[in-house]
Every structure is written in structure tokens, then in C-alpha cells.
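Beneath this line is the structure, given in C-alpha cells, with notes to follow.
Computed from a predicted model, the values in this text were never measured in an experiment.
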Amino acid sequence: MKKLIEHIAQALVDNPEQVEVIELGGQQTSVLELKVAKEDIGKVIGKGGQTVAAMRTILNASSGRDHRRFILEIFE
């Protein structure tokens with residue numbers, strides 16, 4: 001899941017080399033911290049939060065087969 005979010009974020013931003021995803025894991029729930037450059041935050045969040053909502057939907061849909069829950073948080 002970490003690679004999936006990293007790949008999507010790198011395609012969205014102007015500074016793909018500054019994209020970093022850190023996974024803080026547990027047995028049932030993991031938190032993915034997405035760090036991007038300050039000027040790229042708006043591109044990752046999107047208009048009205050639509051882009052980040054779509055990323056969370058993709059993450060939740062693909063995590064069902066692993067029987068784990070993932071939470072996506074965005075940092076600058």
C-alpha cells in the first residue's frame with residue numbers, strides 16, 4: 001500500500017523527489033503518513049478534498065484483501 005500511495009502522489013506533484021510515505025503499522029490498522037513539499041499540498045488534497053478522498057477510496061478498496069485498515073494522513 002505504501003508504494004501505491006507513493007506512486008499516485010508522485011504523479012500529482014511538481015516535486016516528486018520530495019514525496020515520502022512512512023508506514024506506522026499495527027496488526028489491524030496502519031497509518032500511512034504522506035509527506036510532500038509545501039507548494040504541492042494543494043495538488044494532493046485537490047479541490048474540496050476530492051483528490052485525497054479518491055486516494056483514500058483506492059487505498060481502502062485495495063486493502064480489503066489484506067484484512068487490514070489503512071489511514072492516510074498528509075503532512076508538509
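- Within the structure, no pair that satisfies the salt bridge (charged side-chain N to carboxylate O under 4.0 Å, His left out) test touches residues 46-63, not counting sequence neighbours.
- In this structure, CD on Gln10 lies 8.0 Å from NZ on Lys3, to the nearest 0.5 angstrom.
- Sorted by first and then second residue, the salt bridge (charged side-chain N to carboxylate O under 4.0 Å, His left out) pairs with a member in residues 11-31 read Asp14-Lys43, Glu23-Arg68; sequence neighbours excluded.
- In terms of heavy atoms, Phe70 sits closest to Leu59 at CB-CD2, 3.6 Å.
- Nearest heavy-atom pair across Ser30 and Gly26 is OG-N, 3.8 Å.
- No side-chain heavy atom of Gln18 sits less than 4.5 Å from a side-chain heavy atom of Val13.
- We find the CG-CD1 distance between Leu34 and Ile45 to be 9.5 Å, quoted to the nearest 0.5 Å.
- Side-chain N or O atoms of Asp40 include one that pairs as donor or acceptor with a backbone N or O of Asn15 at under 3.5 Å.
- Here Glu33 contributes atom CD and Leu72 contributes atom CG; the two are 10.0 Å apart, rounded to the nearest 0.5 Å.
- Atom OG of Ser63 and atom CG of Leu4 lie 10.0 Å apart (nearest 0.5 Å).
- A distance of 9.0 Å separates CE of Met1 from CG of Leu32, quoted to the nearest 0.5 Å.
- For the pair Thr51 and Gly46, the tightest heavy-atom approach, listed with the atom from each and the gap, is OG1-CA, 3.4 Å.
- Remark: Thr29 OG1 to Ile71 CD1 distance equals 5.5 Å, nearest 0.5 Å.
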